[in-house]
Protein chains: 2
Amino acid sequence: MKKKRCIVCHRKADVYIVYANAAFCREHFIEFYERKILRTLKEAKFEGRRVLVAVSGGKDSVALLYALTSLAEALNIQIAALHIDLRIGNYSEESVAIVEKIAHELKIPIRIVDVRDFLGVGLPEATRVTKRPACAVCGIVKRWIMNKIAYENGFDYIATGHNIDDISAFWLKALLTQREEDIIRDFSIVTPPNPDYRIVGRIRPQIFLREQENMLYCLFKHAPFIQEICPLSRGATLHRYKEIWGDILEVNPVSQINFVKSLLRLRERIEKPKINMTTCKICGFATTAKDSICAFCRLRLRIQSWKNSLS
Amino acid sequence: MKKKRCIVCHRKADVYIVYANAAFCREHFIEFYERKILRTLKEAKFEGRRVLVAVSGGKDSVALLYALTSLAEALNIQIAALHIDLRIGNYSEESVAIVEKIAHELKIPIRIVDVRDFLGVGLPEATRVTKRPACAVCGIVKRWIMNKIAYENGFDYIATGHNIDDISAFWLKALLTQREEDIIRDFSIVTPPNPDYRIVGRIRPQIFLREQENMLYCLFKHAPFIQEICPLSRGATLHRYKEIWGDILEVNPVSQINFVKSLLRLRERIEKPKINMTTCKICGFATTAKDSICAFCRLRLRIQSWKNSLS
């Protein structure tokens, strides 16, 4: 970057944010980043008190934990961290070590749980047994465990590190595969809790931030994060849609934010389809399945019967 | 193409349609193409009788005129053609010659009108005077003239040659520039007439056909068409969004149809914003402008005052 200056203090800039056409020094990038999270939550009328931050150890969730720690007073929230050890070999071991270090440094209470205590096996075995894409299995497992831990420990919200690259790729894929229901259902900035069905609320404070910005924030805050991408996610089709965004952003750097905002607004104008929520007859948490067995319990049953077949 | 065979007659194939994963000989491609138009109109519950086909002389509208001529009996419609001579130098002269030849060959009544008789000037002058993008000015002018001629001659529908490459680029641009209203408003397959406001209905029978398919249909039907693209459209931003589609289609050849169908369905679930339709106090045709002067008359007034300033 040549000769760009921070738009706040006019010192030499360290980063240039293309879509905002703005350069920042480290200090004012951190301020810009945190203010964006604060504004996103305020505009979405977030009113939680006890927030459990789901931290994988990757740049997105690490940045989220640091930013929410900085903003805890401004948001009037208490936070704690949750890490789910998915038992994906070295990748998981490194993640656990990083997350423990971060929690210690930030003086944030952390709970680390082992996926095997809930599912009976680690993620690689679960994927192999079900023969489904790893990311789909992982989503089911993480959502259930996060909700259970948060619910049983009195948290009203879970915060997750979904960034705009994830969401725009997911929604583009939805439009390009005729799964428009995925746009209507998923990725609200704030989903309030539903205690009748033991559902903890969800916030996605980084919905307007790019992967790169999360990484820069980690670097500038000297926050450690796991650099490897999950070895089970290789070949996930979502990566291809992220590549398409690379092409689109060359044409217009603001297009990704425009896309997400356009779809959020279109979605607001669509009446939500009525969902028949019920409780899972096995675990007691929410499900929409007609036979009242939630996706997680179904997975668990399948793994159990596979185990039985071995013995 | 090596060794592909027509999926209907198993003779050597002349074309391979990637998104349909289907190869055809000439004869059966023509059948496939026309059946697609027929099905598109039937599924959209089109029930017109007298259809004015707007023919520019380009591959899309020429294919449309040929296909609707073939399908006139099946659709129980009477058709005629309209060509608007936009007075864009050689380009328009060639277009007029081609359109006359086609109408003669198809034995279809044709009306050729001169834009100057309505606007006072040709398109190049209109664009220069208004300093607006040529395609925007041209759209206003063509829509008004088509509707006027169709209305005054008792047609209930106008057919236009919008193809899926146009529509998907237009809608992608709408999502990427936060103009989601453009998705809600435009490009229905069938828009019924509204005689209270002198609005003739519109059909867009090629909404699920690609530019390439229209061109192949013209070639196989030995239909002449103008190969040049309009010289005034150079640099139109829509071309950039068409290039993005080139990248996306390499990832998934069905994605364009999926995208258009997804948005059509999302749109159906959105309540149309109430528009305050009124009639233009100058021309008497429909407008939504608050001062009751339609976009075409506003353009005409501006050109008139420019002309007056010269004399």
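Here is how names work: the chains are called A, B, and so on, in the same order as the sequence lines, proteins then strands, and each is numbered from 1.
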4.5 Å side-chain heavy-atom contact, Leu176(A) and Val251(B) | no
Here the pair of heavy atoms bringing Ala174(B) nearest to Ser262(A) is O-OG, 4.0 Å
Given side chain to side chain contact (heavy atoms under 4.5 Å, CB included), test Ile248(A) with Asp247(B) step by step and report yes or no.
-> CA-CA 9 Å; Ile248(A) 298 176; Asp247(B) 297 331; over 6 Å; no
Answer whether the closest heavy-atom distance between the side chains of Gln178(A) and Arg265(B) falls below 4.5 Å.
-> yes
Just wondering, are more than 12 heavy atoms of other shown residues or ligands nearer than 6.0 Å to CD in Glu228(B)?
-> yes
Using a cut-off of under 4.5 Å for heavy-atom pairs, which of Gln256(B), Lys173(B), Lys261(B), Glu271(B) has the most such pairs with chain A?
-> Lys261(B)
Give a yes or no on whether Asn276(B) atom CG has more than 12 heavy-atom contacts from other residues, nucleotides or ligands under 6.0 Å away.
-> no
Name the region of Ile244(A), side chain, backbone, both or neither, that has any atom closer than 4.5 Å to a heavy atom of chain B.
-> side chain
Salt bridge or not for Arg269(B) and Glu181(A), using N-O below 4.0 Å?
-> yes
By a 4.5 Å heavy-atom criterion (distance strictly below it), what part of Trp171(A) contacts chain B: side chain, backbone, both, or neither?
-> neither
Does CD in Glu47(A) sit with more than 12 non-hydrogen atoms of other residues, nucleotides or ligands closer than 6.0 Å?
-> no
Can you tell if the side chain of Asn258(A) reaches within under 4.5 Å of the side chain of Leu175(B), non-hydrogen atoms only?
-> no
Check the surroundings of atom CZ in Arg179(A): do more than 12 heavy atoms from other residues, nucleotides or ligands lie under 6.0 Å from it?
-> no
So which of Val254(B), Ile184(B), Ile257(B) has the largest heavy-atom pair count under 4.5 angstrom toward chain A?
-> Ile184(B)
Side chains of Asn252(B) and Tyr241(A): closer than 4.5 Å at any heavy-atom pair?
-> yes
